[in-house]
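Here's the structure, in C-alpha coordinates; my notes come after.
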Amino acid sequence: KMAQRLRYRRRLSYNTTSNQVKISKTPGGKLVYLYRKKQGAISKCGDCKEKLRGIAPARPKELSRMSRRLKTVTRAYGGSRCHKCVRTRIVRAFLIEEQKIVVRVLKAQQQSQKSK
(Lines give C-alpha, C1' and ligand atoms only; values in the text may rest on other atoms or scores of the structure.)
Protein backbone atom coordinates (compact mmCIF):
# COMPACT_ATOMS: atom_id res chain seq x y z
CA LYS A 1 0.00 0.00 0.00
CA MET A 2 1.28 3.48 -0.89
CA ALA A 3 1.89 6.19 1.70
CA GLN A 4 -1.11 8.40 2.35
CA ARG A 5 -1.09 11.85 0.78
CA LEU A 6 -1.37 14.77 3.16
CA ARG A 7 -2.59 18.27 2.48
CA TYR A 8 -2.59 21.53 4.40
CA ARG A 9 -5.82 22.45 6.18
CA ARG A 10 -5.36 26.18 5.79
CA ARG A 11 -5.02 28.28 2.64
CA LEU A 12 -1.31 29.06 3.01
CA SER A 13 0.51 26.55 0.83
CA TYR A 14 4.15 27.48 1.48
CA ASN A 15 6.54 26.07 4.06
CA THR A 16 6.93 29.26 6.09
CA THR A 17 7.58 29.67 9.83
CA SER A 18 3.90 30.36 10.47
CA ASN A 19 2.89 27.21 8.54
CA GLN A 20 4.89 24.51 10.35
CA VAL A 21 3.07 21.19 10.77
CA LYS A 22 3.50 17.77 12.30
CA ILE A 23 1.91 14.53 11.18
CA SER A 24 -0.62 12.97 13.53
CA LYS A 25 -2.71 9.82 13.27
CA THR A 26 -6.42 10.15 14.03
CA PRO A 27 -8.44 7.46 15.87
CA GLY A 28 -9.84 6.49 12.45
CA GLY A 29 -6.33 5.65 11.24
CA LYS A 30 -5.98 8.63 8.88
CA LEU A 31 -2.85 10.79 8.81
CA VAL A 32 -3.47 14.53 9.17
CA TYR A 33 -1.38 17.67 9.62
CA LEU A 34 -1.49 19.44 13.00
CA TYR A 35 -0.24 23.01 13.01
CA ARG A 36 2.59 23.85 15.40
CA LYS A 37 2.59 27.10 17.33
CA LYS A 38 5.55 29.45 16.96
CA GLN A 39 8.10 29.33 19.75
CA GLY A 40 8.26 32.28 22.10
CA ALA A 41 11.43 34.38 22.12
CA ILE A 42 13.44 34.70 25.31
CA SER A 43 13.47 38.30 26.56
CA LYS A 44 16.76 40.13 26.11
CA CYS A 45 18.46 42.90 28.06
CA GLY A 46 17.85 46.31 26.50
CA ASP A 47 21.47 47.39 27.01
CA CYS A 48 23.72 44.38 26.32
CA LYS A 49 21.22 42.12 24.46
CA GLU A 50 21.96 39.19 26.80
CA LYS A 51 19.18 36.65 27.43
CA LEU A 52 17.34 37.38 30.68
CA ARG A 53 17.10 34.62 33.27
CA GLY A 54 13.93 33.87 35.21
CA ILE A 55 11.55 35.05 32.51
CA ALA A 56 9.42 32.50 30.69
CA PRO A 57 9.70 32.62 26.89
CA ALA A 58 6.26 33.12 25.34
CA ARG A 59 4.38 34.59 22.40
CA PRO A 60 2.84 38.07 22.92
CA LYS A 61 -0.72 36.78 23.39
CA GLU A 62 0.47 34.20 25.93
CA LEU A 63 2.42 36.91 27.77
CA SER A 64 -0.77 38.94 28.21
CA ARG A 65 -2.43 35.93 29.87
CA MET A 66 0.52 35.04 32.11
CA SER A 67 0.82 36.23 35.71
CA ARG A 68 3.24 38.98 36.65
CA ARG A 69 5.67 36.69 38.50
CA LEU A 70 6.40 34.78 35.27
CA LYS A 71 7.20 37.96 33.33
CA THR A 72 9.46 39.88 35.72
CA VAL A 73 12.18 39.52 38.33
CA THR A 74 11.79 41.30 41.68
CA ARG A 75 14.60 43.80 41.28
CA ALA A 76 15.03 47.31 39.91
CA TYR A 77 14.64 47.05 36.11
CA GLY A 78 13.60 43.38 36.56
CA GLY A 79 12.46 41.86 33.27
CA SER A 80 13.98 44.71 31.29
CA ARG A 81 17.71 44.82 32.13
CA CYS A 82 20.15 42.11 33.24
CA HIS A 83 21.76 42.17 36.69
CA LYS A 84 25.13 43.35 35.33
CA CYS A 85 23.64 46.37 33.55
CA VAL A 86 21.56 47.31 36.63
CA ARG A 87 24.74 47.18 38.73
CA THR A 88 26.66 49.41 36.31
CA ARG A 89 23.75 51.89 36.23
CA ILE A 90 23.67 52.10 40.03
CA VAL A 91 27.46 52.48 40.27
CA ARG A 92 27.48 55.13 37.52
CA ALA A 93 24.72 57.13 39.25
CA PHE A 94 26.58 56.93 42.57
CA LEU A 95 29.88 58.08 41.01
CA ILE A 96 28.19 61.00 39.24
CA GLU A 97 26.67 62.13 42.56
CA GLU A 98 30.06 61.79 44.26
CA GLN A 99 31.65 63.88 41.50
CA LYS A 100 29.05 66.63 42.02
CA ILE A 101 29.85 66.70 45.75
CA VAL A 102 33.60 66.92 45.03
CA VAL A 103 33.03 69.86 42.66
CA ARG A 104 30.92 71.64 45.33
CA VAL A 105 33.60 71.11 47.98
CA LEU A 106 36.35 72.43 45.67
CA LYS A 107 34.27 75.53 44.84
CA ALA A 108 33.70 76.15 48.54
CA GLN A 109 37.46 75.87 49.21
CA GLN A 110 38.27 78.32 46.43
CA GLN A 111 35.69 80.79 47.80
CA SER A 112 37.19 80.55 51.28
CA GLN A 113 40.71 81.15 49.90
CA LYS A 114 39.58 84.20 47.90
CA SER A 115 37.92 85.74 50.96
CA LYS A 116 41.16 85.49 53.01
Side-chain angles (χ1 to χ4, degrees):
K1 193 177 177 184
M2 270 178 45
Q4 186 185 326
R5 274 177 177 261
L6 292 164
R7 63 187 199 88
Y8 286 124
R9 295 167 154 197
R10 299 177 186 164
R11 289 180 188 271
L12 180 60
S13 61
Y14 300 102
N15 185 24
T16 59
T17 46
S18 63
N19 208 24
Q20 294 298 309
V21 289
K22 71 174 184 181
I23 297 168
S24 176
K25 196 175 243 180
T26 62
K30 276 181 16 180
L31 295 178
V32 292
Y33 275 147
L34 290 183
Y35 287 88
R36 286 204 189 109
K37 284 198 163 71
K38 280 194 192 177
Q39 264 196 326
I42 297 170
S43 301
K44 291 179 182 71
C45 172
D47 293 346
C48 66
K49 309 298 182 230
E50 195 177 286
K51 288 177 184 175
L52 294 177
R53 292 163 197 76
I55 292 155
R59 299 296 296 165
K61 202 163 193 173
E62 285 175 50
L63 277 171
S64 68
R65 284 191 237 114
M66 280 161 47
S67 66
R68 187 190 167 101
R69 74 174 191 83
L70 296 169
K71 295 183 278 190
T72 61
V73 180
T74 49
R75 179 178 58 229
Y77 298 101
S80 166
R81 301 289 184 270
C82 71
H83 65 285
K84 294 176 205 163
C85 293
V86 172
R87 188 174 186 276
T88 53
R89 276 174 183 232
I90 292 166
V91 169
R92 189 184 299 133
F94 175 75
L95 291 173
I96 289 167
E97 289 302 314
E98 286 287 303
Q99 190 63 38
K100 285 177 186 173
I101 292 166
V102 167
V103 168
R104 246 183 263 140
V105 168
L106 287 172
K107 272 189 182 176
Q109 284 177 353
Q110 286 177 350
Q111 289 289 335
S112 65
Q113 283 187 357
K114 278 185 182 177
S115 63
K116 281 184 181 176

Given the rule in the side-chain contact (heavy atoms from CB on, under 4.5 Å) test, do V32 and K25 qualify, once you have shown the distances and angles that lead to the verdict?
CA-CA 6 Å; V32 292; K25 196 175 243 180; over 6 Å; no
Set out, in order, the CA-CA distance, both residues' side-chain angles and the distance that settles side-chain contact (heavy atoms from CB on, under 4.5 Å) for V102 and E98, then state yes or no.
CA-CA 6 Å; V102 167; E98 286 287 303; 5.5 Å; no
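E50 pairs in a side chain to side chain donor-acceptor pair (under 3.5 Å) with only one of the listed residues (H83, K44, K84), which is K84.
Put simply, CG on L34 and CZ on R9 are 6.0 Å apart, with the number rounded to the nearest 0.5 Å. A distance of 13.0 Å separates CZ in R36 from OG1 in T17, rounded to the nearest 0.5 Å. With rounding to the nearest 0.5 Å, the separation of CD in Q111 from CD in Q109 is 11.5 Å. Q4 contributes atom CD, which lies 7.5 Å from atom NZ of K30 (distance to the nearest 0.5 angstrom). In this structure, CZ in R11 is found 11.5 Å from OG in S13, a value given to the nearest 0.5 Å.
A single hydrophobic cluster is seen to contain both L6 and V21, as judged by linkage of ILVMFWY side chains at heavy-atom distances under 4.5 Å, directly or through other members. When the side chains of ILVMFWY residues are joined at heavy-atom separations under 4.5 Å, either directly or via intervening members, L70 and L63 end up in a single hydrophobic cluster. Both Y8 and I23 are part of a single hydrophobic cluster, where members link through side-chain heavy atoms under 4.5 Å apart. In the hydrophobic cluster analysis, where Ile, Leu, Val, Met, Phe, Trp and Tyr join through side-chain heavy atoms closer than 4.5 angstrom, Y77 is grouped apart from V73.
For Y35, there are no ring pair (Phe, Tyr, Trp, His ring centres under 6.0 Å) partners at least two apart in sequence or on another chain.
The environment of Y33 atom OH is dense: over 12 non-hydrogen atoms of other residues, nucleotides or ligands sit within 6.0 angstrom. Atom CZ of R89 has more than 12 neighbouring heavy atoms from other residues, nucleotides or ligands inside a 6.0 Å radius. Within a 6.0 Å sphere centred on CD of Q39, heavy atoms belonging to other residues, nucleotides or ligands number 12 at most.
Counting only residues at least two apart or on different chains, the salt bridge (charged side-chain N to carboxylate O under 4.0 Å, His left out) pairs with a member in residues 62-82 are D47-R81.
Nearest heavy-atom pair, C85 versus C45, reported as atom, atom and distance to 0.1 Å: SG-SG, 3.7 Å. When every heavy atom of P57 is checked against every heavy atom of G40, the shortest pair comes out as CB-O, 3.7 Å. When all heavy atoms of A56 and M66 are compared, the pair lying nearest together is CB-CE, 3.8 Å.
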